[in-house]
Amino acid sequence: MSGLDESVWDLLHEALELYRDHPRAVDQLGRQLGRFSEPLRIAVAGPWRSGKSTLLNAIMGEEVAPVEVADGRQVFTWYEDGPEPRVTAYPATGSPRDLAVSRGGGGIRVDLGGGRWDQVDDIVVQWPARALRHAILIDTPAVTPGIDDVLAGADDGRPGDGRSGDRRLALGTGPGAGLPGGGGAGLSDGGSATIERIVREADAVLYLSRDGRGDDLRLLQTALPGTVARAAPVNVLLVLSRVDELAGGRVDALLTARQLARRHRRDPRINSQCLSVVALGGLVALAGRMLSESEFAALAVLAGLDRAQTDRVLLSTDRFTAADFPVPLDVETRRGLLDRLGIFGVRLSTTLVRTGCDSRGRLAAELVRRSGLTELRESITRYFVDRAPVLKSRAALLALESLLLAEPRPGAKELLARLEQVLTGAHEFRELRLSAALLGGQIRFEPELTAEANRLIGADGTSVAARLGVEHDAGVDELWARGSAAVRDWQELAEDPVRGLDQRRAARVVVRSCEGMLAELS
């Protein structure tokens, strides 16, 4: 440990001593300490029909979400790595129960075996997937701005879309359990309780929005008022979802969406509340991960049609599934293509096959690339996984601040002041914000300086060697020489009167990062 996480670790132990006669507080603080050794928790949140289940499946490369419960009720569903598939329900009281599972075309369905679903807040899905080795993905109930009650029903239009949550919190032992505002809030508590739980339980959030309004993000930022939430809004990526519906479903819809994402990244009303904005065509991304040989063969048949014929049959879903179809593809095959790709995805795929994607592998790779999934995964790695200790420290500070304010006692005020000092001096948060600003174009240097700044603040890796751009086994003398040179170069930029104010401020952040490296080397 070093830096921010070490300071937070010390604060949590001081709080343990302060609340040693408060069992629930001790339990909560102990769990916050335990989270430092757990995988990062990433919540997938957004309004109803925003594409959360499709995104989860695209990331995992399998159709696992949604978990559909018998009565269609939404619950928090946690996806974590495991040696073999296993699904467990965690009621608010009582023992966990392994569930009988059946696979369907749109996720997995579970049966409580005669139990009551209204007593279950959390389902944990253990699944062997590479994407889950370094992070737990949390599928959350739908959030609708301006409406207190979360709508029941399916994500992506599927009936009974399940949602996930913290198994320990459902048992009354999770972070926040037994404290004001904590515990396994069920859907009866309304959308605000769902948002609060997302903020408390997740280290990072993928927030899906169809139009990228800043109002969506303010739900997360105002859910838990306090110094930490205001000072460190560094744990949210905004995902423009279902972008294949933009531009009337034209083949260039994904390009239009990427341009919209770039505009949003430069909008101070949005970039002040999230790290970055990424456009994702969820169905196209999932199709790229799941495309079968038979589906490719059907698309190849369509691509063999005359261009005018193709345009006519792909004008609408009704025409595409009509009985008088000009090629021998039965209705079920065509409906299967629509389920897999949507009408936009079929249009895009036939165009790609016609222009050179002449195998399933090539077409699948191109669909993934164009969908925005590659950019999203890179953003998750850059901002979340590679910065896991920073995000876990933020979550711990948030929980500690909430406890100190909710349970005041002699010594709590002084500890709160210490917390604010740690927060004020947390250079790691500034690095995250600067990395996002450089990537989004809010702050511009010459291309070489931009690349160097990103490297020095940890965008290419947080070790000293990675930051300085040398091999991992480089000697201390070489590291010191490079670090000292970087301090001098960026100090000059920070004091250059020709540079803009934003550039000079950014340069000072880089200088501080370089000084931190030298301090670590010494």
Smallest separation among heavy atoms of H427 and V509, with atom names: CE1-O, 3.1 Å
R49 side, atom CZ; S241 side, atom OG - distance, nearest 0.5 Å: 11.5 Å
Ring geometry between H13 and W9 (parallel below 30°, tilted from 30 to 60°, perpendicular above 60°): tilted
Heavy-atom pair of closest approach, residues C357 and F296: O-CE1, 3.7 Å
Side-chain heavy-atom pair T88, Q126 within 4.5 angstrom cut-off: no
Distance-only donor-acceptor check, side chains H472 and S463, under 3.5 Å: no
side-chain hydrogen bond (donor to acceptor under 3.5 Å, both in side chains) contacts touching residues 379-390 (sequence neighbours left out): R387-E431
Output side-chain donor-acceptor pairs under 3.5 Å for residues 366-374, partner residues at least two apart or in another chain, one line each.
residue : atom : partner : partner atom : Å
E366    : OE1  : R369    : NE           : 3.3
E366    : OE2  : R369    : NE           : 3.4
E366    : OE2  : R369    : NH2          : 2.6
E366    : OE2  : R370    : NE           : 2.8
S371    : OG   : L367    : O            : 3.4
S371    : OG   : V368    : O            : 2.8
S371    : OG   : L373    : N            : 3.1

Pairwise side-chain contact, V44 with I59, heavy-atom cut-off 4.5 Å (strictly under): no
Heavy-atom side-chain proximity of V422 to L4 below 4.5 angstrom: yes
Closest non-hydrogen atom pair, C274 against L238: SG-CB, 4.1 Å
Contact check, side chains of Q28 and L403, non-hydrogen atoms, under 4.5 Å: yes
Any donor-acceptor pair under 3.5 Å from S435 side chain to L432 backbone: no
Salt bridge flag under 4.0 Å for residues R130 and D81: no
L29 and L400, any side-chain heavy atoms less than 4.5 Å apart: yes
Side chain to side chain contact (heavy atoms under 4.5 Å, CB included) assessment of I138 paired with Y79: CA-CA 6 Å; I138 311 171; Y79 296 89; over 6 Å; no
Chi angles and distances behind the side chain to side chain contact (heavy atoms under 4.5 Å, CB included) call for L404, Y19: CA-CA 10 Å; L404 293 171; Y19 288 94; 3.6 Å; yes
R340 side, atom CZ; L299 side, atom CG - distance, nearest 0.5 Å: 11.0 Å
Step-by-step side chain to side chain contact (heavy atoms under 4.5 Å, CB included) determination, R258 to L254: CA-CA 6 Å; R258 284 196 292 272; L254 296 176; 4.2 Å; yes
CD-CZ distance between E428 and R433, expressed to the nearest 0.5 angstrom: 15.5 Å
Side chain to side chain, D121 and Y90, heavy atoms closer than 4.5 Å: no
By side-chain contact (heavy atoms from CB on, under 4.5 Å) - contacts of D267 (at least two apart): R269, I270
Backbone N/O of D27 and side chain of R31: donor-acceptor pair under 3.5 Å: yes
Backbone N/O of T462 and side chain of R467: donor-acceptor pair under 3.5 Å: yes
Contacts of type side-chain contact (heavy atoms from CB on, under 4.5 Å), residue P85, not counting sequence neighbours: W127, P128
Side-chain donor-acceptor contact under 3.5 Å, S393 with D5: no
By side-chain contact (heavy atoms from CB on, under 4.5 Å) - contacts of S292 (at least two apart): S294, E295
Pairs flagged by salt bridge (charged side-chain N to carboxylate O under 4.0 Å, His left out) wherever residues 272-294 is involved - sequence neighbours left out: E293-R360
With E17 via side chain to side chain donor-acceptor pair (under 3.5 Å) - residues at least two apart: R20
Salt bridge (charged side-chain N to carboxylate O under 4.0 Å, His left out) against D473, all qualifying residues, sequence neighbours excluded: none
Salt-bridge contact D139-K52 (side-chain N to carboxylate O under 4.0 Å): no
Partner set under side-chain contact (heavy atoms from CB on, under 4.5 Å) for A45, not counting sequence neighbours: T140, I198, V205, Y207
Shortest non-hydrogen separation from P39 to I136 and the atoms involved: CB-CG1, 4.1 Å
ring-ring contact (aromatic ring centres under 6.0 Å, His included) involving H134 - partner list, sequence neighbours excluded: none
Heavy-atom pair with the smallest gap, counting every atom of L237 and F384: CG-CZ, 3.7 Å
Value rounded to 0.5 Å, distance of OG1 in T424 from CG in L419: 9.5 Å
Nearest non-hydrogen partners of D339 and L283, listed with the distance: O-CD2, 4.0 Å
Set of residues satisfying salt bridge (charged side-chain N to carboxylate O under 4.0 Å, His left out) with respect to R265, sequence neighbours excluded: E375
R262: partners by side chain to side chain donor-acceptor pair (under 3.5 Å), with sequence neighbours left out: none
Distance, nearest 0.5 Å, that separates CG of L40 from NZ of K392: 6.0 Å
Donor-acceptor contact below 3.5 Å, side chain E401 vs main chain T227: yes
Side chain to side chain, L376 and L206, heavy atoms closer than 4.5 Å: yes
L18 side, atom CG; L415 side, atom CG - distance, nearest 0.5 Å: 6.5 Å
Stepwise side chain to side chain contact (heavy atoms under 4.5 Å, CB included) test for V236 and Q273: CA-CA 8 Å; V236 180; Q273 300 179 72; over 6 Å; no
Min side-chain heavy-atom separation N57-V64 under 4.5 Å: yes
